[in-house]
Number of protein chains: 2
Amino acid sequence: MIENKPINSNPNVSVDCVVFGFDGSDLKVLLVERYRRDNLDFQDDTLVLPGDLINNNEDLNEAASRVLYDLTGLKKIFLQQIGAFGSPKRLTKPKDIVWLEAVRMNPEARVITIGYYALINIKNYKVRPSSFAKHVVWRGYDEVGELGFDHNEIIVKAIHNLRDQLYREPIGFELLPNHFSLHQLYSLYNEIMGGGIDRRNFRRRMLKTGFLKETEEYQEGVPHKPARLYTFIPEEFENASKNNFKFY
Amino acid sequence: MIENKPINSNPNVSVDCVVFGFDGSDLKVLLVERYRRDNLDFQDDTLVLPGDLINNNEDLNEAASRVLYDLTGLKKIFLQQIGAFGSPKRLTKPKDIVWLEAVRMNPEARVITIGYYALINIKNYKVRPSSFAKHVVWRGYDEVGELGFDHNEIIVKAIHNLRDQLYREPIGFELLPNHFSLHQLYSLYNEIMGGGIDRRNFRRRMLKTGFLKETEEYQEGVPHKPARLYTFIPEEFENASKNNFKFY
DNA sequence: TTTTCAAAGTGTAAATTTTACACTAAGTTT
DNA sequence: AAACTTAGTGTAAAATTTACACTTTGAAAA
């Protein structure tokens with residue numbers, strides 16, 4: 001199936017997105033089965049990151065947003081560029097070549113990809129009932145196995161970047177519902193940072209920042225004392241950022 | 001002057017390098033006068049970052065290294081990727097278009113550039129006596145004026161990245177001679193971070209890290225007490241990095 | 001040779017931040 | 001009513017960070 005892309009698709013530059021989601025205990029990554037996505041007529045169980053060639057008239061961020069919209073139906077997803085991946089060998093695994101020849105108009109073309117990571121609230125992402133969803137799968141970020149192309153490398157970089165940002169920018173909230181318990185927030189941080197965070201100290205520190213506001217809502221349907229829900233106030237964060245703020 | 005580039009030069013992807021140098025008190029950036037570099041027959045006083053289209057068979061880092069080698073004669077320069085810049089408008093200033101039409105085989109091509117920053121010991125960079133050097137100029141990093149293309153944006157990103165890394169990775173030493181005084185190191189950090197660092201505390205902290213070793217050498221030719229020179233021990237840094245090291 | 005100048009080099013006490021740690025409270029299920 | 005599960009809370013010790021000023025040393029000038 002050779003692509004029927006817009007003529008203005010650029011053969012040399014693509015974007016690939018590491019979409020993170022948090023299910024309450026594990027940090028997951030969204031992967032696609034490329035042979036099903038692309039309706040190939042041969043078997044190939046390779047998983048890859050969602051991605052595509054860019055169009056010549058679109059910005060890189062736009063391209064990444066487009067890819068995510070096509071995949072999830074979501075707009076305004078949190079997106080962060082993590083850099084360019086351009087090894088001349090990045091598309092030279094045997095299966096990758098087969099795939100390129102089946103799908104690309106010029107399979108020999110040198111392709112540089114721009115990596116992004118995206119954060120979505122996994123609850124907002126409704127798996128579409130159509131065949132569309134059949135090629136999509138969530139995997140624990142450290143259990144993805146060997147992906148196609150250089151996509152393992154991109155995930156590693158994305159994780160680094162995510163950890164780096166987690167205590168500098170208020171990005172964790174992107175992965176949670178609008179109203180969340182401190183336990184959810186704690187689990188998220190603890191999971192992303194690889195464990196070892198003290199629960200009480202974490203709670204104190206987060207509250208001290210002043211950009212969590214308590215709501216009058218509580219957890220529901222849990223078989224124990226329900227936790228109070230909090231919400232993140234972006235304005236307070238902006239404020240704090242101006243005046244020598246230290247998250248941690 | 002249309003370029004006589006290797007055929008395998010990729011029309012859609014370039015690299016641009018923000019080369020930082022430190023002269024003892026100011027952080028400088030290396031810029032080129034593009035009309036002189038490219039022997040154009042019209043006047044154009046625009047300054048730009050050193051950069052070039054990549055070749056199809058070379059890695060992105062290789063391309064950046066090549067650009068720096070061509071410019072400075074130096075190999076093994078410290079290089080760090082800072083990301084891709086790909087706005088469709090990034091080459092649309094009037095003067096930029098004139099330049100593209102004079103120099104590029106396909107001036108309309110969409111070009112994504114991969115930004116790098118490089119750190120060099122300014123003393124090692126001998127301005128070549130030939131005409132080669134005539135198009136090169138050092139400028140204070142915050143006094144570069146309006147550059148061609150989107151190169152101001154790239155510098156801003158480079159500075160951010162540099163500041164970010166300065167206390168995490170031992171990159172400051174790249175800008176200094178092998179043997180340096182603590183005063184030089186202090187000035188460097190203080191300049192890059194925008195001032196306000198306490199001199200005594202800085203000295204203590206740096207020594208405490210354990211990856212500075214004192215030499216038996218002293219400053220020479222200064223009209224006051226000569227400072228002891230130190231040297232950076234990469235092995236000690238690697239060591240410290242493994243065991244929960246915190247620079248700051 | 002003495003004085004002057006400029007930067008090198010040094011220590012401490014107070015404030016702040018970080019860390020380690022365990023029991024009571026509240027709601028649900030049995 | 002008892003048992004279970006997670007929510008929610010405080011403190012003291014240790015470590016780190018901060019603020020701050022005088023003495024030393026060598027070269028240059030007088």
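In what follows, chains carry the letters A, B, and so on, assigned in the order in which the sequence lines appear, proteins first and then strands, with residues in each chain numbered from 1. Just so you know, these numbers use all the heavy atoms, side chains as well, and skip hydrogens, waters and symmetry mates. Just so we're clear, the structure is a prediction, and the values are computed from it rather than from any experiment.
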Peer 1: When you list every nucleotide of DNA chain D with an atom under 4.0 Å from a heavy atom of chain B, which one comes first 5' to 3', and which comes last?
Peer 2: dT17(D) to dA28(D)

Peer 1: With the criterion being N/O to N/O and under 3.5 Å, what pairs connect the protein with nucleotides 16-18 of chain C, and how long is each?
Peer 2:
none

Peer 1: Could you tell me the separation between the OH atom of Tyr186(B) and the C1' atom of dG9(C), rounded to a whole number of Å?
Peer 2: 15 Å

Peer 1: Could I get the full list of side-chain contact (heavy atoms from CB on, under 4.5 Å) partners for Lys75(B), not counting sequence neighbours?
Peer 2: Tyr69(B)

Peer 1: With a 3.5 Å distance limit and no angle check, can you tell me whether Asp59(A) reaches the backbone of Glu62(A) through a side-chain donor-acceptor pair?
Peer 2: no

Peer 1: Salt bridge (Lys or Arg N to Asp or Glu O under 4.0 Å): which pairs involve residues 231-243 of chain A, sequence neighbours left out?
Peer 2: none

Peer 1: Please name all residues satisfying side-chain contact (heavy atoms from CB on, under 4.5 Å) with Asp142(A), sequence neighbours left out, ordered by chain then number.
Peer 2: none

Peer 1: Could you list by number each residue of residues 213-231 of chain A showing a heavy-atom separation from DNA chain C of less than 4.0 Å, or answer none if no residue does?
Peer 2: Val222(A), Pro223(A), His224(A), Lys225(A), Pro226(A)

Peer 1: Sequence neighbours left out, what passes side-chain contact (heavy atoms from CB on, under 4.5 Å) with Gln219(B)? Give chain and number order.
Peer 2: Val222(B), His224(B), Pro226(B), Ala227(B), Leu229(B)

Peer 1: Quick one: list whatever passes ring pair (Phe, Tyr, Trp, His ring centres under 6.0 Å) with Phe202(B), sequence neighbours left out.
Peer 2: Tyr186(B), Tyr189(B)

Peer 1: Taking the six-membered ring for Trp, are Phe180(B) and Phe173(B) closer than 6.0 Å centroid to centroid?
Peer 2: yes

Peer 1: Under the rule for ring pair (Phe, Tyr, Trp, His ring centres under 6.0 Å), what residues qualify as partners of Tyr218(A), not counting sequence neighbours?
Peer 2: none

Peer 1: For residues 151-160 of chain A, which side-chain N or O atoms pair as donor and acceptor with protein atoms under 3.5 Å away, sequence neighbours left out?
Peer 2:
residue   : atom : partner   : partner atom : Å
His151(A) : ND1  : Leu49(A)  : N            : 3.0
His151(A) : NE2  : Asp16(A)  : OD2          : 3.4
Asn152(A) : OD1  : Leu147(A) : N            : 2.8
Asn152(A) : ND2  : Gly145(A) : O            : 2.8
Lys157(A) : NZ   : Ile82(A)  : O            : 3.1

Peer 1: Applying side-chain contact (heavy atoms from CB on, under 4.5 Å), can you list everything that pairs with Glu214(A), at least two apart in sequence or on another chain?
Peer 2: Arg228(A), Tyr230(A)

Peer 1: Treating Ser187(A) as the side-chain partner and Ser25(A) as the backbone partner, does any N or O pair qualify as donor plus acceptor under 3.5 Å?
Peer 2: no

Peer 1: Kindly say whether Lys28(A) contributes a backbone atom to a donor-acceptor pair with the side chain of Asp26(A) at under 3.5 angstrom?
Peer 2: no

Peer 1: Give, ordered by number, those residues of residues 189-202 of chain A having at least one heavy-atom distance below 4.0 Å to an atom of DNA chain C; if nothing qualifies, reply none.
Peer 2: Asp198(A), Arg199(A), Arg200(A), Asn201(A)

